[in-house]
Amino acid sequence: MPELVLGVETSCDETAAAIYAAGQGVVAHALHSQVDEHAVYGGVVPELASRDHVRKLPGLVAEVLSRAGLSRSDIDGVAWTRGPGLPGALMVGAGFARALAWAAGVPAIGVHHMEGHLLAPLLESPPPAMPFVALLVSGGHTQLVHVADVGRYRVLGESVDDAAGEAFDKTARLLGLPYPGGPAIASLAAQGRPGCIELPRPMTKRPGLDFSFSGLKTAVLHCVRKRDADEQVYADIAYAFQEAIVDTLIIKSHRALQHTGCQRLVVAGGVGANTRLRERLDQEAAGEGFAVHYPRLEYCTDNAAMIAYTGYLRLSAGGGEDLDFSVRPRWPLAELPVPSR
Ligand code: KG4
Ligand code: ZN
């Protein structure tokens with residue numbers, strides 16, 4: 001059983017390292033965000049992302065080891081993000097983690113990034129008991145997943161087009177806001193007035209647990225074209241957009257709880273950092289009698305703590321890999337093996 005697992009995350013535009021210790025939890029984590037580097041391009045440039053991971057990852061690993069008062073030889077396993085993500089960016093983490101593990105003579109394990117997000121709320125205390133329904137809302141994914149146990153995942157519904165985070169990012173661009181769009185829209189929405197603009201709650205009137213957010217972005221485009229580009233109007237649009245996303249996520253999450261008979265909802269992924277979503281979900285949970293759990297804000301967006309922890313759980317269950325490895329830029333959650341315990 002591993003005692004100390006080092007995790008590295010390089011799937012997109014955040015370079016991160018963390019150490020998970022059995023019985024103690026996350027003992028150190030560090031992150032470098034590339035947001036400023038990509039901001040001028042209005043989105044992530046894959047080649048720049050890979051190059052920056054190469055520059056930053058060794059320093060971040062040294063930093064977490066030193067903060068935890070450990071050396072490389074203390075580590076019992078190395079977890080790295082295998083996918084989904086940008087192929088070149090994933091390869092940087094893969095090569096680095098595998099080399100480190102090989103040199104130290106310890107096992108390495110490629111972790112599913114969304115499983116990391118999904119298990120991140122378990123790092124809080126008390127952790128949510130399983131089974132639960134997870135609402136995974138990130139830049140690349142929007143899914144409702146029934147979680148019976150580690151590795152026992154059933155996707156109940158997902159976005160048929162844009163993910164919620166992607167919708168935030170694309171809509172922010174329409175409103176002339178910087179990347180990443182989620183936090184930018186959230187702060188502009190704080191100046192918006194309720195009731196000025198109405199936007200649809202896509203796919204909520206028909207049964208089912210799938211989402212569609214691309215129409216919302218088009219509805220915003222029509223609003224922008226129809227009105228004068230006045231600052232207050234943009235704030236009203238940001239407000240209406242955020243409400244539409246939040247309402248839609250809440251309606252479907254509630255439906256998923258009813259459908260599965262679960263009493264617990266776990267929210268994870270970057271959009272899970274949205275204050276308005278948390279506020280409204282807390283109200284809904286209190287009114288409807290279910291529990292809702294979130295990771296702390298720094299474990300909502302991309303981080304390596306969730307990768308170290310997921311790697312620890314899977315290595316403890318006998319996972320690990322031989323020297324033959326590959327990244328999985330596209331990797332359905334349902335293809336993950338159930339760990340044998
Ligand atoms: O989980 P994450 O860090 O990376 C992926 O795995 O995709 O999620 C990033 C997404 C971006 O689309 C970003 O705009 C969104 O999360 N996001 C937010 C907030 N913070 C980040 N969306 C809404 N409100 C926020 N406060
Ligand atoms: Zn993520």
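When a ligand or atom number is given, it counts from 1 through the structure's own listing order. When reading the values below, keep in mind they use all heavy atoms of this one structure, side chains included, and skip hydrogens, waters and symmetry mates.
How far OG of Ser253 is from CD1 of Ile251: 10.0 Å, rounded to the nearest 0.5 Å. Separation of atoms CG (Leu174) and NE2 (His222) is listed at 11.0 Å; rounding is to 0.5 Å.
Among protein heavy atoms, atom 24 (N) of ligand 1 sits closest to Asn274 ND2, 3.0 Å. Here the protein heavy atom with the shortest distance to atom 7 (O) of ligand 1 is Gly139 N, 2.7 Å. Remark: minimum distance from atom 12 (O) of ligand 1 to any protein heavy atom is reached at Asp169 OD2, 2.7 Å. Atom 2 (P) of ligand 1 has its closest protein heavy atom at Asp302 OD1, 3.3 Å.
Between the side chain of Asp236 and the main chain of Gly192, no donor-acceptor pair closer than 3.5 Å is present. Without hydrogens or angle criteria, Asn303 side chain to Tyr299 main chain gives a donor-acceptor distance under 3.5 Å.
Ring centroid separation for the pair His53 and Phe96 does not come in under the 6.0 Å cut-off. Taking the centre of each ring, Phe168 and Phe241 come in below the 6.0 Å mark.
Those atoms of ligand 1 that come under 4.0 Å of a heavy atom in Gly181, given as number and element, are 14 (O). Taking a cut-off of under 4.0 Å to the non-hydrogen atoms of Gly165, the atoms of ligand 1 that pass are 12 (O). Which parts of ligand 1 touch Thr301 is read off a 4.0 Å heavy-atom cut-off, strictly below it: atoms 3 (O). In the vicinity of Val271, heavy-atom distances shorter than 4.0 Å reach the ligand 1 atoms 16 (O), 18 (C), 22 (N). Shown in contact with Gly140 at under 4.0 Å from a heavy atom are these atoms of ligand 1, numbered in order with element: 7 (O).
At a cut-off of 2.8 Å, His141 is not counted among the residues with an N, O or S atom near the Zn ion (ligand 2). Among the atoms of His113, an N, O or S atom falls under 2.8 Å of the Zn ion (ligand 2).
Residue His113 has at least one N or O atom closer than 3.5 Å to an N or O atom of ligand 1. Residue-to-ligand polar distances keep Gly269 apart from ligand 1: every N/O pair is separated by 3.5 Å or more. For the pair Gly182 and ligand 1, the shortest N or O to N or O distance falls below 3.5 Å. Between Gly270 and ligand 1, at least one pair of N/O atoms sits closer than 3.5 Å. Considering backbone and side-chain N/O of His117, one or more are found under 3.5 Å from N/O of ligand 1.
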Please assess Glu284 against Lys252 for the test salt bridge (charged side-chain N to carboxylate O under 4.0 Å, His left out), listing each intermediate value before the final yes or no. CA-CA 12 Å; Glu284 179 85 3; Lys252 296 279 169 143; over 6 Å; no
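A salt bridge links Lys170 to Glu166: at least one charged side-chain nitrogen sits closer than 4.0 Å to a carboxylate oxygen. Ion pairing between Glu115 and Arg328 fails under the 4.0 Å rule for side-chain N and carboxylate O.
Side chains of His112 and Glu335: no donor on one and acceptor on the other come within 3.5 Å.
Of all N/O/S atoms in Asp302, OD1 sits nearest the Zn ion (ligand 2).
Residue Ala186 places every heavy atom at 4.0 Å or more from ligand 1. Using a 4.0 angstrom heavy-atom cutoff, Cys12 does not count as in contact with ligand 1.
Judged by a 6.0 Å distance limit and a 45° cone about the ring axis, Arg193 is not positioned over the six-membered ring of Tyr239.
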Which atom pairs, one a donor and one an acceptor, fall under 3.5 Å between side chains of residues 196-205 and the rest of the protein, sequence neighbours left out?
from   : atom 1 : to     : atom 2 : distance (Å)
Arg201 : NE     : Asp247 : OD2    : 2.9
Arg201 : NH1    : Leu199 : O      : 2.7
Arg201 : NH2    : Asp247 : OD2    : 2.8
Thr204 : OG1    : Arg201 : O      : 2.7

